[in-house]
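Keep in mind that what you see is a predicted model, and the values were worked out from it rather than measured.
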Amino acid sequence: MSGFFSSLLENIRALPGNLVRGLRPGVDSQNEVAAKRLRRSFIYHIHPLRVTERALSPWVTLGLGVITATCFFVLAVSGILLMLYYIPTTKSAYQSMEDIQYAVTLGPFVRALHRWAAHAMMITVLLHLVRVAAMGAYYKRELNWVIGLCLAGLVMGLAFTGYLLPWDQRSYWAVSVATAMLDNVPLIGPTVKVLALGGQQIAQATLLRFYMLHVALLPAGLLVLLAFHIWRIRKDGGLAYSKDLPESQAATPAWPHLVLREAVLIIAALVALFLVAMFIDAPLGIPVDPHTPSNPEKAPWYFLWAQEMVSYSAVVGAFVFPLVLSGWLVLLPFLDRQANSVGRWFGGRSCKAAVAMASLAAIIGLVVFEWLYLRGGGADQTIASTPWLADLLNPAAGMIGLALLAAVISGMATGSTRAAGLSGIAVMLVAIVGFTLMGICRGPDWVFYWPWEEWPLVN
Amino acid sequence: MGKKKKKKKNKQPKPPAASPVKEEQVADEAAAVTADAVEPETKEALDAPESKASENNQPVVQTNTSSRRDFLTLAGQAAVGVCACTALAGSLRLALPDFYDGPPEVFALGTPADFKTGTMTWLNENDLFVVRDNLGFGAFSSRCTHLGCTVRRTASGFFCPCHGAKYDSSGSVVSGPARRPLPWFHVWAEADGRIWVDTGKQVEPGTKPVNLGSDETGEKK
């Protein structure tokens, strides 16, 4: 008895010290260096003790991965806060959005933060992908490249599922169109459509499914893959850099040099997002009318290229182009196994020239295709009356052909598989950017207006 | 076959060495091992499959005594794989609803008096246009055949605000991404005096089979 009380008393007396010791490992260690390492053990799970000088340069990665991860963190926190008020039912969803916007203190701020962080993430994830591809940094890192592509897919999926949740006019029709696009996907399309919608049309089941995907399945998947992605970078030996390039491999301690740079980047990203969210509100559309789309009914900007493409041909825009693009990206590290010039923008000089030529050809090609197509006011009569011909002869299909052609020509001219792979991607990227710009200019009755022009009043 | 087994063997010393203490070094060593040992062999095997492969096969044959362990490992992995696939298939099957609400396929459009001769009425709840002229009644979909948006009436026909498809007044494609005309549906007069439609039964565009005479007769009923 007394033994129990005396030892308890002793433990209570030692509690303050033990609390510190127990919760801060290494605090009473004799070895100061070891103690520091222990305290920073989380950092050292991500970074090795020493990194190369090159890893410290902001111009190698442009910090895109770090910014993307920061956006995800902001989205997770703001998303959890929005979940406190959002109700995923067709009757209450829009009402709860209005509540957040007008009746919750800091509601508009958190909603804006969530919206703008999502948009920022779409941009940075795309730029990150382009950066890694342009540097050939996928070389011998097939697994992490494919994980990265899955992450990009998840980000797009999150953007898409989040789009339906406000249950406003735009979200309803965007999802209506996107799920109708699945009808153009052979074999699995119709089944996937029923899986996504929980039926044949957008209804309560759809909203609940999208909500589940948006707040549970997709973020969980993203979190797991993101951890895997970051871990693989370290396991693959840090930033990719091939031996044929000039040496810049002087080792520097990761702490504090790299960690501080990353911290500055994270803080800068946070400040930027907070400032934008403070001053620009996230728009909330008009309530849904499930029988009348607005004129025009436009997709969010990051899917405008797809909308523009399906406005030429549903099969090409909804199935062929996404298939070619994703197939190209997945196969890239397997078909380009060139070991040299990894970690340098667009490989060597000839590769750079090839990609530049391909991009130029893509811009010219896009203009020519559009001119030919729009000359007939959207479609030539003879072509329009023959469905397969109309699917084959349009700017979207033309750009796919041009991508394949550019890859073959670049590859033959330079003898480099990297030049071929990157040229094809460059053409498709030009197509995506070009179609996005055109999509921005679409106005009522699907007529082009400059962004600064005012649309005429239509019913 | 030989190639595969050799790779496995080379990996075997890895796990015990992968202690967290000297991770960098170990990773380098492991990389060196695989780079030195596997690559030349596989390359050679590819270059000259018969001659070189037989030379390289020798060490494999010597140490290839744990076939039972290999088999059990493979069997275990396969079992886990089958279980995971079954669980995934089951989850997807559960997510695929067996019953769901859809719009009714067969329903009454209304009485003849609801539709005047020479007019076109949009039943927005049903996504249908109902036309009535001297020939009779006809009904066709107001959903664009491209990607399912509701089309709008224009002076010359119909226009889809989502991707710019244009149809003429009978629903045939004029321009834009739509490839099929707006579908027309079977309509008929029921004994209850109402006009009915079956959206599961498509008919030729322009079919107006129900002739109930003029407006006046319709209104008297």
Kindly indicate whether the side chain of [X], heavy atoms from C-beta on, has any atom under 4.5 Å from the side chain of [Y].
{"X": "B:C162", "Y": "A:K298", "result": "no"}
{"X": "B:H163", "Y": "A:V177", "result": "yes"}
{"X": "A:R209", "Y": "B:P97", "result": "yes"}
{"X": "A:P293", "Y": "B:P161", "result": "yes"}

Spatial distance of atom [atom1] ([X]) from atom [atom2] ([Y]) [nearest 0.5 Å]:
{"X": "B:Y100", "Y": "A:T206", "atom1": "OH", "atom2": "OG1", "result": "11.5 Å"}
{"X": "A:W173", "Y": "B:L147", "atom1": "CH2", "atom2": "CG", "result": "11.5 Å"}
{"X": "B:C160", "Y": "A:D445", "atom1": "SG", "atom2": "CG", "result": "11.5 Å"}
{"X": "A:T292", "Y": "B:R152", "atom1": "OG1", "atom2": "CZ", "result": "7.0 Å"}

B:H146 side chain to A:V310 backbone, donor-acceptor under 3.5 Å: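 Judged by distance alone, yes, a pair lies under 3.5 Å.
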
Taking all non-hydrogen atoms of both residues into account, name the closest pair between B:F159 and A:W446 and its distance.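 Answer, listing the atom of B:F159 first, then A:W446: CZ-N, 3.6 Å.
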
For residues 198-207 of chain B, pull every pair meeting side-chain hydrogen bond (donor to acceptor under 3.5 Å, both in side chains), keeping only residues two or more places apart or in separate chains.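 Passing the test, one end in residues 198-207 of chain B: no pairs.
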
With B:R143, which residues qualify under salt bridge (charged side-chain N to carboxylate O under 4.0 Å, His left out), at least two apart?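 Partners of B:R143 under the salt bridge (charged side-chain N to carboxylate O under 4.0 Å, His left out) test: B:D127.
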
List in chain and number order the residues that pass ring pair (Phe, Tyr, Trp, His ring centres under 6.0 Å) with B:H186, two or more places apart in sequence or in another chain; answer none if no residue qualifies.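 Counting only residues at least two positions away or on another chain, B:H186 forms a ring pair (Phe, Tyr, Trp, His ring centres under 6.0 Å) with B:W188.
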
Can you tell me which of A:A178, A:A174, A:G198, A:S176 forms the most heavy-atom pairs within a distance under 4.5 Å of chain B?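 Winner by heavy-atom pair count: A:G198.
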
Close contacts, residues 179-191 of chain A versus chain B, judged by heavy atoms under 4.5 Å: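 Checking residues 179-191 of chain A against chain B gives A:A180, A:M181, A:N184, A:T191.
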
Do you know which of B:G148, B:C144, B:A95 has the most heavy-atom pairs with chain A at a distance under 4.5 angstrom?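 It is B:A95.
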
Does CZ belonging to A:R337 count more than 12 external heavy atoms closer than 6.0 Å?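 Yes, CZ of A:R337 has more than 12 neighbouring heavy atoms, counting only those of other groups under 6.0 Å.
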
Is the number of heavy atoms from other residues, nucleotides or ligands within 6.0 Å of NE2 (A:H291) greater than 12?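 Yes.
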
So what's closer than 4.5 Å to chain B heavy atoms on A:Q201: side chain, backbone, both or neither?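 The side chain, not the backbone.
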
Less than 4.5 Å to any heavy atom of chain B: does that hold for the side chain of A:A203, its backbone, both, or neither?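 For A:A203, neither part sits under 4.5 Å from chain B.
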
